[in-house]
Structures are given as structure tokens and as C-alpha cells.
Amino acid sequence: MGMEIEWKYQATPEILEEIANSFSGKFEVFHMKTVYFDTTDRLLSAEKITLRIRRENNASIATVKSPKQGLGRGEWECAGENMAQVLPVLAQESSLSALNGLKSEDLSPICGAEFTRRAMHLAVPGGEVELALDLGKVTGSGREAPICEVEIEGKTGEASQWEVFARDFAEKFGLHPQPKSKFRRALTLTLEEK
């Protein structure tokens, strides 16, 4: 199983620029366009499962995420342009019961996100984290809300070292936790979540 362990923080455009200017290295830039999928009865949302296809510059990556377990949550990815192509792969890789028997025609787009990510890998004792600066919007039912956040995701090493880095980083830049994922914030914009 893939495991994602990350820390999300609310920010402002000014804070993102302050952070970006504090590093001498070069950030990679990704233009992200995400579409989130669910059944008409919101089966996946009810199970706290996120299913998406995200265009990252010139690549399309499909991802399914399982509910949070301790510090992290399950995450599985594969390349693909549409649900018919990726759903069988993600169902097999993840073994999530909510995906069993689902067909691509059972799913429809329910909300989305569009943002620019500046990302850089940083060394921590015994490993590495990815620092991401995200600026854009979440969308749902013709409405939108801004995205302006910092993500720190563990890549290699020990979670305890990632956590220390994230805590110190947040303190240095005066960041406060962002408790909701982009998906949950986009979902609140849909008519069902008014």
C-alpha cells in the first residue's frame, strides 16, 4: 500500500512569496487541473474515499485515497486519461471494498480544483520531504473558493523527522493548519453540501 503522510497549512499569497524567496534553489512548477469523481449517491464520499484524475502539466494521473489512519492515509496512483482506463487498476491496487464492482459509468465528476504548485524537495535528518506552495481555486456546482496553502509531504526517512520539520517550518512562517483537503473544500461547494 502507498501511504501519504503530509501536513497542510493555510497561507496567503504574501506568505507563499516569502517562503519561495527564502530558498535559493529552484522550485518546479506544475499547473494542476483536478476532477473528483463519485457515484450519484456519494458512496465514496461517505466512506471518506477520494477518487480523482489530475492533469499535472502534460501528464494525467489518477489517484484514490483511503481514510486517514494515524498520521497518514492510503494513496494509490496510476497514469490514465479516463475512469474506464484507471478504475480497474486502482481497484486492484488499493483493494478498497468501496471500489469493488464499481464501473466507470457509475461515476461522474462532482467537483474540482485548479491551481499552480511550486514544489521543491528538501533534506531532513535521514530523509527528504516535498515542500509545495499551492495557489488557485476549488470548484463545485458553478461556484469557487480560493486555494492558498503550504503542503509538506514526507518522501523518504522517518515520519517523526518529517513531523519535526513541518512543526518548525510552520512556526517559522506563522502558518496555521488547514484541516480540510482540497476535495472536502470543493465538495462543500456542491449543491448537496449547501
If you compare all heavy atoms of [X] against all heavy atoms of [Y], which two are closest, and at what distance to 0.1 Å?
X: C111; Y: G140; value: CB-CA, 4.2 Å
X: Y36; Y: T34; value: CZ-CG2, 3.6 Å
X: S22; Y: F173; value: OG-CZ, 3.6 Å
X: L189; Y: E144; value: CD1-CA, 3.7 Å
X: R143; Y: T190; value: NH2-O, 3.6 Å
X: G154; Y: V129; value: CA-CG1, 4.2 Å

To the nearest 0.5 Å, what is the distance between [atom1] on [X] and [atom2] on [Y]?
X: E130; Y: W162; atom1: CD; atom2: CH2; result: 12.0 Å
X: E151; Y: L131; atom1: CD; atom2: CG; result: 10.0 Å
X: T139; Y: I110; atom1: OG1; atom2: CD1; result: 10.5 Å
X: D38; Y: S108; atom1: CG; atom2: OG; result: 7.5 Å
X: R54; Y: S60; atom1: CZ; atom2: OG; result: 11.5 Å
X: I53; Y: L87; atom1: CD1; atom2: CG; result: 9.5 Å

**OP:** Please check if atom CD in E17 has more than 12 non-hydrogen atoms from other residues, nucleotides or ligands closer than 6.0 Å.
**Re:** yes

Original post:
Near E105 CD, under 6.0 Å, is it more than 12 heavy atoms from other residues, nucleotides or ligands?
Top reply: yes

Original post:
Would F30 end up clustered with I61 when hydrophobic side chains under 4.5 Å apart are linked, directly or stepwise?
Top reply: no

Original post:
Same cluster or not: are L96 and V89 linked, directly or through other Ile, Leu, Val, Met, Phe, Trp or Tyr residues, by side-chain heavy atoms under 4.5 angstrom apart?
Top reply: no

**OP:** Measure up the F27 and F23 rings against each other and bin them: parallel (under 30°), tilted (30 to 60°), perpendicular (over 60°).
**Re:** perpendicular

Could you tell me if the side chain of [Y] sits less than 4.5 Å from the side chain of [X], heavy atoms only?
X: L51; Y: M83; result: yes
X: L16; Y: R118; result: yes
X: P177; Y: W7; result: no
X: K182; Y: F115; result: yes
X: L135; Y: P13; result: yes
X: V138; Y: L187; result: no
X: S66; Y: W76; result: yes
X: Q10; Y: P179; result: yes

Side-chain donor or acceptor of [X] paired with backbone N/O of [Y] under 3.5 Å:
X: R185; Y: S181; result: yes
X: N57; Y: V29; result: yes
X: E149; Y: A11; result: no

**OP:** Starting from the C-alpha separation in whole Å, work towards a yes-or-no answer on side chain to side chain contact (heavy atoms under 4.5 Å, CB included) for R52 and K65.
**Re:** CA-CA 9 Å; R52 73 180 188 214; K65 296 184 182 188; 3.6 Å; yes

Subject >> Verdict with supporting geometry, D106 and L43, side chain to side chain contact (heavy atoms under 4.5 Å, CB included) >> reply: CA-CA 10 Å; D106 300 328; L43 169 70; over 6 Å; no

Does [X] come within less than 4.0 Å of [Y], counting only side-chain N to carboxylate O?
X: K155; Y: E128; result: no
X: R73; Y: E75; result: no
X: E81; Y: R55; result: yes
X: E56; Y: R117; result: no

Original post:
Does the side chain to side chain contact (heavy atoms under 4.5 Å, CB included) test come out yes or no for F183 and S45, once each step is laid out?
Top reply: CA-CA 10 Å; F183 170 62; S45 301; 3.6 Å; yes

Original post:
Under the side chain to side chain contact (heavy atoms under 4.5 Å, CB included) criterion, do F37 and L44 qualify, and how do the steps go?
Top reply: CA-CA 9 Å; F37 293 83; L44 301 180; 5.9 Å; no

